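In what follows, residues are counted from 1 in the order of the sequence shown. Model, not experiment: these values are computed from the prediction.
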Amino acid sequence: MARLITRRLLLGRALLAGLARAATGPGQADAAGRAKGAAATAPAAAATEPARRELLVFAAASLSDALEEVGRAFTAATGVRIAASYAASSVLAKQIEAGAPADAFFSADVAWVDYLEKRGLIQPSSRRDVLRNTLVLIAPADSTLRLRIAPGFDLAGALEGGRLAIADPDSVPAGEYARAALTRLGVWSRVSDRAVRGENVRAALAYVARGEAPLGIVYRTDAQAERRVRVVDVFPEDSHPPITYALALTARAPPKAAQLVEFLTGDAAQQIFVRYGFTAPPGPQARE
């Protein structure tokens, strides 16, 4: 992939494209002013659209390592560069709703793609369920803790007064999966007040990697990408909804973006994703 645009730069572009409508709190008025200024430049931007040789993908934070390599392969095959912005799927969906200039949305669950589809902000025929992931309990790499995940397991005791690092369960897919699993296993009520909530799954991973939390819940792919943590155990698949990564083109995406969908669901990309710990979803990928 041509060098990916940094999160900071992308968020700046998103704000200028109209993020103010999704903003809350004291900064809302300032964001609205920036969005108004961006709108005034829209005709000029549209005029240069045919010459654009780059596709902008808004992708779940857990995809960052794998998608960078997949993007380079896509550029080599097509000559089209990929720029990506990584964050929680919920944050990215809200940015797209507010007018951010994404061409594709690669979500860590199907719910946020549904959210955009209901609002007419994606191309429904482009939707694909591309990947699956696994939920794991992690600890710092030097931890000697042993704990088996089972109904009623003593997660609270294993924390020994420390915090449980998870992505925000009120908005981030990884956190929602974590809460669903712990609820199904009958232990959420005992640890919910010990949870430290990350803005995305990589933030939760960092808490554990830095030794700031003795345990955390992330995707297997995140644990695989971070040497400073180890997997304590894997959550049973039936303890939470399937972790399905869904891809869709936005309503504003140019026709050439269709080749991105084809590539990401093809064998070359799937082989790369598998090396990073993802698996392919069962059954047909397309959603008509």
Side-chain angles (χ1 to χ4, degrees), residues 4-5 7 10-11 13-14 17 19 21-24 55-68 70-71 82-119 121-124 126-135 165-181 197-206 217-222 225 240-251 253 260-261 264-265 273 276-279 281 285 287:
L4 294 178
I5 295 178
R7 252 187 236 128
L10 245 296
L11 288 176
R13 287 175 60 182
L19 245 181
R21 282 180 289 165
T24 59
L55 294 174
L56 176 55
V57 180
F58 276 20
S62 52
L63 288 164
S64 57
D65 301 300
L67 189 57
E68 186 167 347
V70 170
I82 296 295
S85 178
Y86 301 105
S89 300
S90 54
V91 171
L92 297 173
K94 290 289 188 178
Q95 289 179 357
I96 292 171
E97 182 182 22
D103 296 306
F105 179 45
F106 205 165
S107 173
D109 71 357
V110 299
W112 285 106
V113 181
D114 292 341
Y115 178 90
L116 293 180
E117 182 171 349
K118 289 175 183 176
R119 288 156 178 77
L121 296 173
I122 66 162
Q123 301 175 30
S126 71
R127 285 191 63 162
R128 300 291 187 276
D129 291 344
V130 182
L131 302 169
R132 283 282 183 90
N133 213 332
T134 304
L135 201 65
I166 62 174
D168 189 343
D170 292 333
S171 60
V172 183
E176 294 172 358
Y177 292 127
R179 179 169 60 187
R197 303 179 176 208
E199 64 182 8
N200 57 56
V201 71
R202 287 301 174 97
L205 177 70
I217 300 174
V218 299
Y219 300 130
R220 183 194 294 276
T221 52
D222 299 303
H240 56 80
I243 301 172
T244 302
Y245 288 71
L247 171 72
L249 299 180
T250 63
L260 178 62
V261 175
L264 288 177
T265 55
F273 283 127
Y276 282 86
F278 294 95
T279 57
Q285 295 179 344
R287 291 181 173 227

Checking side-chain polar atoms at under 3.5 Å, does [X] have a donor or acceptor matched by the opposite partner on [Y]?
{"X": "Thr244", "Y": "Arg132", "answer": "yes"}
{"X": "Thr221", "Y": "Asn133", "answer": "yes"}
{"X": "Tyr245", "Y": "Asp129", "answer": "no"}

Does any non-hydrogen side-chain atom of [Y] lie less than 4.5 Å from one of [X]?
{"X": "Leu264", "Y": "Phe106", "result": "yes"}
{"X": "Val261", "Y": "Arg128", "result": "yes"}
{"X": "Ile243", "Y": "Asp109", "result": "no"}
{"X": "Trp112", "Y": "Phe105", "result": "yes"}
{"X": "Val91", "Y": "Glu199", "result": "no"}
{"X": "Arg202", "Y": "Tyr86", "result": "no"}

Determine the minimum heavy-atom distance between [X] and [Y], stating which atoms define it.
{"X": "Leu67", "Y": "Val57", "result": "CD2-CG1, 4.2 Å"}
{"X": "Val113", "Y": "Ala248", "result": "CG1-CB, 4.0 Å"}
{"X": "Pro101", "Y": "Leu56", "result": "O-CD2, 3.2 Å"}
{"X": "Ala60", "Y": "Leu92", "result": "N-CD1, 4.0 Å"}
{"X": "Val172", "Y": "Gly198", "result": "CG2-O, 4.5 Å"}
{"X": "Leu260", "Y": "Ala104", "result": "CD2-CB, 4.0 Å"}

Hey, what do you get for [atom1] ([X]) to [atom2] ([Y]), rounding to the nearest 0.5 Å?
{"X": "Thr265", "Y": "Leu247", "atom1": "OG1", "atom2": "CG", "result": "8.0 Å"}
{"X": "Glu68", "Y": "Leu63", "atom1": "CD", "atom2": "CG", "result": "12.5 Å"}
{"X": "Leu116", "Y": "Phe58", "atom1": "CG", "atom2": "CZ", "result": "11.0 Å"}
{"X": "Ser62", "Y": "Asn200", "atom1": "OG", "atom2": "CG", "result": "8.5 Å"}
{"X": "Leu205", "Y": "Ile217", "atom1": "CG", "atom2": "CD1", "result": "13.0 Å"}
{"X": "Ser64", "Y": "Asp222", "atom1": "OG", "atom2": "CG", "result": "7.5 Å"}

task = Answer yes or no: is there an ion pair linking Asp114 with Arg119, defined by an N-O contact shorter than 4.0 Å?
result = no
Can you tell me if [X] uses its side chain to pair, donor with acceptor, with the backbone of [Y] under 3.5 Å?
{"X": "Tyr219", "Y": "Ala174", "result": "yes"}
{"X": "Ser107", "Y": "Ser89", "result": "no"}
{"X": "Arg127", "Y": "Gln123", "result": "no"}
{"X": "Ser126", "Y": "Leu249", "result": "yes"}
{"X": "Asp103", "Y": "Leu55", "result": "no"}
{"X": "Thr250", "Y": "Ala102", "result": "yes"}

query = Above 12 or not: heavy atoms from other molecules or residues under 6.0 Å from CZ of Arg220?
reply = no
